[in-house]
Structures are given as structure tokens and as C-alpha cells.
Amino acid sequence: MHNIIGFFRDYVAWLTIPEFTITDVLEIFIIAFAFYHIILWIKDTRAWMLLKGMIVLGVVFLAAVVLEMSVVLWVFRNAMVVGIMALIIIFQPEMRNALEQLGRKNILGTLTSFDSQKGKNERYSEKSIQAMVKAVYDMAKVKTGALIVVEKSIQCREYERTGIPIDSEISSQLLVNIFEHNTPLHDGAVLVRDNRIVAATCYLPLSNNLEVSKELGTRHRAALGISEVSDSLTIIVSEETGFVSLAYNGKLYRKIDADTLQLRLKEAARKIPEEKKKWWKGRRIVKNEKQIGE
């Protein structure tokens, strides 16, 4: 008993509970709110890839410190200022979009929507998937060119701003009508996000991959370009051949049938894990594009 009392007197008695005021509660709330939205912003943009790259550089820097690599440390010290300025310039569109969202955000609505997001384990419903598949193959039958960007984790808001806002439920009739010849919205890409068609006539970045076959046009290069800077799934309907193609993760897959497209859209909606299906097996790959195809 004396030992216990002595322990508390020597090691515990000096501990005191700090004064806790309403200001401290507000500070904790503001910091937690800011960190939460910064993490969401990083997750929904290309900044997530930047963060992974910074982690790799951090590991290299730590190894250089431990192993006393003076040259590597000198490079890190001199590149730090230039690197920060370069990051600000490169991610200027994302930063501007984040500030715009902050200005439009309904804070109370954000707080009350936390519970409503729980249990939402899919981005696209079965109805939306069926509508996209039907529209794509209806357009393929009559050789109507189309370009549909199906977003996943990384949002393409900088490219959304280049188009015309629509904000409509996904329907096959609307998609077919958008890409109909000689209509105001047929030129460019349609952007789809969370069961909504958010914009049309969007301009996408063209791929600079020199291994892309010369027989492919601007539509396919744009689909490859957006797949190189995001994790989106892009559907292409060729105006010349009527073939349906998919661009994903910087690769192009041609002559996709309806079942394959439906399966891939379900994977994009997180209905089934990607590793369970090797659905590319036996598909025709772009000629002379080993790195772009399978």
C-alpha cells in the first residue's frame, strides 16, 4: 500500500488538468474542420498523387539525413524554394477551385450531411449504368461519335469548367441527344459524376504519348489524355467505325462489347472489386501500342 501511495505521489500527483475554455473548443473544431476539408480536397484532385510523391521524397530525405548524404541534402535544400513555387503554379487551378468551393459551401449543410454519406458504397446506380450502356451502343449502331468521362475518385473540375453545365440525371435519351449531329452540345466530352451528367462540351487534355497509333483521332487522344491525369473511365464511340473503346489508367482498349462495358462501369461504381475479373483477356489491342494496351 505504501508503494502505491509513493508511486502516485512521485509520478502522478504532479499531473494537472489544464484549464479548458470555450475558446479551446472552438480552436479544436476549426482546425479539425480545416484538416478534414484539406484531406477531401487532396483525395478528390491530382493533389493526391502529389502527396504520394512528397511521401517518397520525404523517405529519401530521411534516408539522406540518417546516412549523412551531404550532396543529396544540398540538392534538397536548394530545390526547396523553387519546388514550392513550382507546386503553386502547377496546382493553381485546383487551389482556385478549392477556394471557390469554400466560398460556396454551406457549412451547416456540410455538418449535417456526414451521416447521410454513410452507407453510400457506390458512385453510380444500376439505372445509371444501364442508361450509359444503352446510349453508347445506340450511338454505335448509327456511328454517332461520343466521348463520355465517368469520374471515379479524382474529380475533373478544371475540365468541367471548360464545358456547359447541365446537372441532370443520367438518361440514355439525354446522352444520345447531346451527341446528335449538328446540335450545340455534340462537340467535346460529357462529364458524369455521382449519377449526374454535370457538363457537356468539355475540353480534355490530349495525350502526348508518341506510341499512340496514327489511325486514332482527337477523340481517342483526348480520352487517353484525361485517363493519364485522373482515374476516370472514358468511353469513346468512333464516328468512323462505330467501335466502342475505353480509356483507363493511360491505356486504351478497343472493340468493347456491351457486357464488358457494363462490367467495367460496375467496377467504377465499386460494386465488384477489379481484381476479380480479368476482363481484358482476348480483347483486341491498339496496333503497335504495347504500353497503351494490355
Side-chain angles (χ1 to χ4, degrees), residues 37-50 88-106 109-110 113 117 120 122-125 128-129 131-132 135-136 139 145-172 174-180 183-208 218-237 246-250 264-265 268-270:
H37 284 279
I38 289 172
I39 292 172
L40 283 184
W41 174 73
I42 291 174
K43 176 179 176 294
D44 292 338
T45 64
R46 290 181 295 170
W48 174 243
M49 293 179 281
L50 168 66
I88 294 175
I89 295 172
I90 293 172
F91 286 93
Q92 181 267 340
E94 283 84 357
M95 292 179 180
R96 183 178 63 185
N97 182 58
L99 292 175
E100 290 175 355
Q101 290 184 27
L102 182 62
R104 296 193 300 262
K105 188 171 291 294
N106 183 353
T110 302
S113 66
Q117 295 298 320
K120 184 180 178 182
E122 62 180 24
R123 298 184 183 94
Y124 302 101
S125 65
S128 297
I129 292 174
M132 284 189 280
V136 165
M139 290 185 287
L147 187 59
I148 304 173
V149 179
V150 182
E151 279 190 1
K152 293 180 65 178
S153 299
I154 300 177
Q155 296 184 355
C156 305
R157 293 192 180 274
E158 60 183 289
Y159 306 110
E160 175 188 346
R161 290 197 296 269
T162 65
I164 298 175
I166 293 181
D167 192 22
S168 169
E169 290 186 0
I170 299 174
S171 69
S172 59
L174 179 56
L175 286 171
V176 170
N177 189 70
I178 288 174
F179 290 108
E180 188 65 35
T183 57
L185 301 179
H186 84 281
D187 192 21
V190 161
L191 191 60
V192 176
R193 178 190 306 132
D194 295 335
N195 291 312
R196 308 288 292 181
I197 301 175
V198 295
T201 70
C202 298
Y203 293 102
L204 305 180
L206 298 182
S207 175
N208 293 321
T218 304
R219 189 175 285 116
H220 290 80
R221 287 184 175 272
L224 277 173
I226 192 66
S227 72
E228 292 169 352
V229 299
S230 72
D231 62 349
S232 61
L233 177 72
T234 305
I235 308 169
I236 313 104
V237 179
L246 284 177
Y248 176 70
N249 198 25
R264 195 55 172 167
L265 288 174
R270 293 180 176 174

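If you're wondering where the values come from, they're calculated on a predicted model, not measured in any experiment.
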T162 side-chain N/O to Y203 backbone N/O, donor-acceptor pair under 3.5 Å: yes

To the closest 0.5 Å, what do you measure between CD1 (I235) and CE (M132)? 6.0 Å

What's the separation between atom CG in N177 and atom OG in S172, rounded to the nearest 0.5 Å? 11.0 Å

With the side chain counted from C-beta on, respond yes when S168 and L174 share a heavy-atom pair under 4.5 Å apart, and no when they do not. yes

Atom NE2 in H220, atom OG1 in T234: separation rounded to 0.5 Å? 11.5 Å

Heavy-atom donor-acceptor pair, T201 side chain to G163 backbone, under 3.5 Å: no

Closest non-hydrogen atom pair between R219 and V237, with its separation: CD-O, 3.7 Å

Distance (rounded to the nearest 0.5 Å) between I236 CD1 and L246 CG: 6.5 Å

N195 side chain vs S125 backbone, donor-acceptor pair below 3.5 Å: yes

Looking only at non-hydrogen atoms, find the nearest pair between Y124 and D194 and report the distance. CE2-N, 3.4 Å

Is there a side-chain contact between V190 and I166 in this structure, where contact means two heavy atoms from C-beta onward sitting under 4.5 Å apart? no

When every non-hydrogen atom of E151 is compared with those of R123, the smallest separation belongs to O-CD, 4.1 Å

Kindly give the heavy-atom pair with the smallest separation between S171 and I197, and that separation in Å. N-CD1, 4.4 Å

What pair of heavy atoms forms the shortest contact from S207 to L224, and how long is it? CB-CB, 3.8 Å

Test side-chain contact (heavy atoms from CB on, under 4.5 Å), reference L191, set E160, R196, R157, output is E160

Do V198 and V192 come within less than 4.5 Å of each other through their side chains, counting heavy atoms only? no

Residue E180 excluded, over 12 heavy atoms near CD under 6.0 Å: yes

For residues L147 and G188, report the shortest heavy-atom separation together with the two atoms involved. CB-O, 4.2 Å

Point-to-point distance, once rounded to the nearest 0.5 Å, from CE of M139 to CD1 of I148: 4.5 Å

Non-hydrogen side-chain atoms of I226 and P205 separated by less than 4.5 Å: yes

